[in-house]
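See structure below.
Chain letters run A, B, ... following the sequence lines, proteins first, then strands; residues in each count from 1. Here the structure is a predicted model, which is why all the values come from computation and not from measurement.
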Number of protein chains: 2
Amino acid sequence: MGDRQVPDIVVGRLPIYLRALTFLKADNREITSSQELGDRLGISSAQIRKDLSHFGEFGKQGTGYEIRYLENNLKEILHVDRMWDVVLVGAGDLGNALASYKGFAGRGFHVAAAFDADPDKIGHEMPGGLLIEDVANLEARVQAAGWKIGIIAVPADAAQSVANTLVGAGVIALLNYAPISLIAPSSVRVEQIDPAVHLQHLTYYLG
Amino acid sequence: MGDRQVPDIVVGRLPIYLRALTFLKADNREITSSQELGDRLGISSAQIRKDLSHFGEFGKQGTGYEIRYLENNLKEILHVDRMWDVVLVGAGDLGNALASYKGFAGRGFHVAAAFDADPDKIGHEMPGGLLIEDVANLEARVQAAGWKIGIIAVPADAAQSVANTLVGAGVIALLNYAPISLIAPSSVRVEQIDPAVHLQHLTYYLG
DNA sequence: GGTCTATTGTCAAAAGTTGCACAATCATAG
DNA sequence: CTATGATTGTGCAACTTTTGACAATAGACC
Ligand SMILES: NC(=O)c1ccc[n+]([C@@H]2O[C@H](COP(=O)([O-])OP(=O)(O)OC[C@H]3O[C@@H](n4cnc5c(N)ncnc54)[C@H](O)[C@@H]3O)[C@@H](O)[C@H]2O)c1
Ligand SMILES: NC(=O)c1ccc[n+]([C@@H]2O[C@H](COP(=O)([O-])OP(=O)(O)OC[C@H]3O[C@@H](n4cnc5c(N)ncnc54)[C@H](O)[C@@H]3O)[C@@H](O)[C@H]2O)c1
């Protein structure tokens, strides 16, 4: 504990722990152990204890972890003890799914605005009721609102340019769904989601 | 080269390399280098060369890699030099986006069938034209067709049971979108996609 | 209060991964 | 046909991550 540079790979597991704790809480459980969490997540109990120890001492010997307490601490560590506005670019099929996704709210995120380039879409509402704005106004709106997180759900050939606009406007965290590796300044964090990449990882192991 | 147990972390990068090569090819490029690939992907050139060397020698000293040749080899290695039928469970917002996603075809995948539990949806068509079938028939249909890959896009509380059905019917690779860590036999490979997990990974680094 | 069981937090060892550096070699130009 | 420049594949060293083991200790029970 007391480390001042936690490995990124450890940080990446914290949301998984948090998700598991929320799940247990919904099941009216009050206490859990590194062993139980590990079994559920397919991770060794030692690793969970080690990971958590970077941030403090959250458990009690002989007993384990109070779920609500550890959950709150993880939320704080991950900075999701607040709501983050997220700006969505691309109001296609995927954008629609994301805009109406109920799962964000409980986990710290709110899709604050959506942008598209298609004149037939601009001015209309997305399934969730969010207005589709003109991507021409993206930079100004992001700057004015001070949004820090962007989700990119446009075709691959538009993704880098959208990313550049977002970064230019002050966004410093990007979640990219387009099947392309974005290039961004090292001060900007990028996470990529590409189902084909995951599926191809799987097929390697299929005869 | 000649290894007979390639680290999973290496396998996980191959689809990224493949994607980058396809992108370069679309740009009418014929030759690339580990240096160029690395710059685009934010990976060291040495790592790319090392990764590839697990599978053979694909480059030429002084020149680099012939894009089409390396691409074909990676497709073979990842077993996407063929089309895989994929079974989709859950015809909600996300299922709709996945069913009509144009990006799968070029990368080895075809959504062969979709299932849902909602009587109002069963019998109707998804946006892409795919018939929504009754999840009650899931096991029998999977068994009969011999599908090996499943995508789970149902709510979290139904995901584990759907996974169990799929595995019971012979599926050995799962892509899970539900925000829950699935438990599966070790013979079954599972990949998880959860945008909130990615976003929380990002927010850790935001003050 | 003492004993027993469960479980943490942590140290050190083991295992795994990445990066460095360079000989080997290919293409090109003189 | 030799020199030059580029770039691979790889052995080895450095670094990172995971695992095993266990003292410390909380709580339950007698
Ligand atoms: N549909 C899926 O399930 C799925 C899954 C994974 C990844 N993706 C990827 O996500 C992205 C979006 O997928 P989709 O299925 O929603 O595609 P889509 O074609 O339905 O939607 C893309 C939207 O982006 C808009 N757009 C295009 N250029 C733009 C620009 N410069 N600025 C703002 N908006 C712009 C289009 O008008 C359209 O509304 C694609 O890159 C796709 O490869 C989609
Ligand atoms: N919408 C998104 O952008 C998004 C993003 C990430 C993850 N997810 C997750 O993906 C899953 C689906 O999301 P969604 O937005 O499409 O939800 P949704 O509610 O729109 O759709 C879920 C579908 O699953 C069906 N279903 C429920 N139980 C079923 C069962 N036992 N068998 C078969 N079908 C069943 C429902 O009838 C419904 O059609 C959820 O777990 C969600 O958390 C969604």
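Of the candidates C/dG19, C/dT17, D/dT19, C/dG19 carries the atom nearest the B/Lys50 side chain, counting heavy atoms from C-beta on. Comparing D/dT19, D/dT7, D/dC22 by their closest approach to the side chain of A/Ala46 singles out D/dT19. Comparing atom distances between the A/Glu57 side chain and each of C/dT10, C/dT18, D/dG9 picks out C/dT10 as nearest.
There is a side-chain donor-acceptor pair under 3.5 Å between B/Asp51 and B/Tyr17. Using a 3.5 Å distance cut-off with no hydrogens or angles, the side chains of B/Asp39 and B/Gln35 do pair a donor with an acceptor. For B/Asp8 and A/Tyr205, the side-chain atoms include at least one donor-acceptor pair closer than 3.5 Å.
In A/Glu30, the CD atom is not crowded: 12 or fewer heavy atoms of neighbouring residues, nucleotides or ligands sit closer than 6.0 Å.
Side-chain nitrogen and oxygen atoms of A/Ser44 include at least one within less than 4.0 Å of the OP1 or OP2 phosphate oxygen of D/dT19. Close to D/dT8, at under 4.0 Å from its OP1 or OP2, lies a side-chain N or O of B/Arg49. Taking only side-chain nitrogens and oxygens, B/Gln47 comes nearer than 4.0 Å to OP1 or OP2 of C/dT18. Regarding contacts with the backbone of D/dT18, a side-chain N or O of A/Arg13 is found under 4.0 angstrom from either OP1 or OP2.
Protein atom CD of A/Glu36 is 15 Å distant from nucleotide atom C1' of C/dT8, rounded to whole Å. Rounded to whole Å, the distance from CG on B/Asp51 to C1' on D/dG9 is 13 Å. In this structure, CZ of A/Phe55 is placed 13 Å from P of C/dT10, rounded to the nearest angstrom. Rounded to a whole Å, the CD atom of B/Gln35 is 18 Å from the P atom of D/dG5. Distance, A/Ile31 CD1 to C/dT5 C1': 16 Å, rounded to whole Å. Between the CZ atom of A/Phe58 and the C1' atom of D/dA26 there is a distance of 19 Å, rounded to whole Å. Rounded to an integer number of Å, the gap from CG of B/Asp8 to P of D/dT18 is 13 Å. Distance, B/Ile9 CD1 to D/dT17 P: 9 Å, rounded to whole Å.
Position along DNA chain D of the nearest nucleotide to A/Thr63 versus B/Tyr65 favours B/Tyr65 as the more 5'-ward residue.
Applying the 3.5 Å distance criterion, the base of C/dT7 shares no donor-acceptor pair with the side chain of A/Gln61. A/Lys60 contributes no side-chain N or O that forms a donor-acceptor pair with the base of D/dG27 under 3.5 Å.
Within the nucleic acid shown, A/Leu52 has no heavy atom closer than 4.0 Å to any nucleic acid atom. At the heavy-atom level, A/Ser45 lies nowhere under 4.0 Å from the strands shown.
Separation of atoms CG (B/Leu199) and CZ (A/Phe109) is listed at 4.5 Å; rounding is to 0.5 Å.
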